[in-house]
Amino acid sequence: MSGPNDPPTNSGSGGANSGDAQKISHNPTSARIPEKVARGVTATGVFVFMGPNEFVIDFLQFLARPPQLAARVIMSPAVAEQFLAGLRENLMRYEQAYSRPPALPKAQGEKPRSAQDIYDDIKLPEDQLTGIYANGFLIGHSAAEFGLDFITNFFPSAIVTARVYLAVPRVPQLIETLANMVGQWQRQRPLLAPTPPLNMGTSPPYYPP
C-alpha cells in the first residue's frame, strides 16, 4: 500500500477490562484482513457527519450508476482527531517524496447541491447502512493513491473492517472537510447537550472530464 519511501502512518489501540483491569493492546500492522475486505473499494467522494459521540465518514462512488455508498466508517472524536493527524502526516511525506497534489478541477456552472439532494440519488446497500466501527487505522500511499485501512481493535485480536482507496488529489479535500468538522466538535465540546443537532461536512465528488 505504500512505496519504499513511504512508510505507513498508523495509530491504533485496543483493550479489554476484566476483574484485574488489565490493559491489552495490539499492533495495528498485525491486524487480520478478511478476504472480503482485502480487495478494498475506491471512493470518489466523501461526506463527514458529526454527532454528539461519534464521527461518521461516508466514502461514496459517484462514477457508478446509480452513485452508491462504498463504505461507512464510524469512529470516536478522539480517533477522528488521530486520523486527521495521520492524514496530514502522510500527505506531508507524500509531498516530500513527490510534490503537492494537483487541485481537482471544478465543474463549470454547476450549482451546489444540498446533502439531502445528493443522498436522494445515492444507492445505500443494506450491508453498509450501519457502517463499521473503527478505533484504529493505517494510512499508506503510492504515487497515485492513498490507501486507508480502518481497524476494529478489540481483545483478543484486531481486524481490518474497511479498506478504502482515494486518488491523491482527493486527500487534501478530505483533510479540509474533516478538519472543519473536528474544529466544530472541539468548539462545541464544553457545550454539548445530550442530543445536539447533527452537523455535516462534505468533500465534493470528483467528476472526471
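Because the structure is a prediction, the values reported are computed rather than measured.
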Inset, instruction - State, yes or no, whether a side-chain contact exists between I57 and V46 at a heavy-atom distance under 4.5 Å. - result: yes
Inset, instruction - Consider only side-chain N and O atoms of Q184 and N180, and report whether a donor and an acceptor are under 3.5 Å apart. - result: no
Inset, instruction - Consider only side-chain heavy atoms of I, L, V, M, F, W and Y, link residues closer than 4.5 Å, and tell whether L124 and I118 are in one cluster. - result: yes
Legend entry - Proximity of F47 and Y119 rings by center, below 6.0 Å: yes
Inset, instruction - Flag the pair V73 / I132 as yes when at least one side-chain heavy-atom distance between them is below 4.5 Å, and no otherwise. - result: yes
Inset, instruction - Please say which of E89, Q96, E95 ends up in a side chain to side chain donor-acceptor pair (under 3.5 Å) with R93. - result: E89
Legend entry - Donor-acceptor contact below 3.5 Å, side chain Y165 vs main chain A43: no
Inset, instruction - Tell me, with the steps shown, if Y133 and T161 meet side-chain contact (heavy atoms from CB on, under 4.5 Å). - result: CA-CA 8 Å; Y133 175 78; T161 44; over 6 Å; no
Inset, instruction - With rounding to the nearest 0.5 Å, note down the distance linking CG in L138 to CZ in R163. - result: 9.0 Å
Legend entry - Exam field: side chain E81 to backbone V182, donor-acceptor pair closer than 3.5 Å: no
Legend entry - Distance-minimising heavy-atom pair for A179 and R88: CB-NH2, 3.5 Å
Legend entry - Interatomic spacing from CD1 in I122 to CG in D117 - rounded to 0.5 Å: 11.0 Å
Inset, instruction - Just jot down the ring-ring contact (aromatic ring centres under 6.0 Å, His included) partners of F59, sequence neighbours excluded, or say none. - result: F150
Legend entry - Which atom of P66 lies closest to which atom of K123, heavy atoms considered: CG-CB, 4.1 Å
Inset, instruction - Could you check if a side-chain atom of H141 sits within less than 4.5 angstrom of a side-chain atom of N90, using non-hydrogen atoms only? - result: yes
Legend entry - M50 and Q188, any side-chain heavy atoms less than 4.5 Å apart: yes
Inset, instruction - Quick one: sort the Y94 and F146 rings into parallel, tilted or perpendicular, breaks at 30° and 60°. - result: tilted
Inset, instruction - Hey, could you give me the CD/CG distance between E176 and L84, rounded to the nearest 0.5 Å? - result: 11.5 Å
Legend entry - CZ on R100 to CG on L91, rounded to 0.5 Å: 8.0 Å
Legend entry - Gap between atom CZ of F137 and atom OG1 of T152 - 0.5 Å precision: 13.5 Å
Legend entry - Within one Ile-Leu-Val-Met-Phe-Trp-Tyr cluster: L166 and V168, side-chain cutoff 4.5 Å: yes
Legend entry - Straight-line distance of N135 CG to Q82 CD, nearest 0.5 Å: 9.5 Å
Legend entry - Closest approach of V41 to A70 (non-hydrogen atoms, all atoms of both residues): CG2-CB, 4.0 Å
Inset, instruction - Search all heavy atoms of P169 against all heavy atoms of L104 and return the closest pair with its distance. - result: CB-CD2, 3.5 Å
Legend entry - Shared hydrophobic cluster, I159 / F154 (ILVMFWY, side-chain heavy atoms < 4.5 Å): no
Legend entry - Nearest heavy-atom neighbours spanning N153 and A158: OD1-CB, 3.4 Å
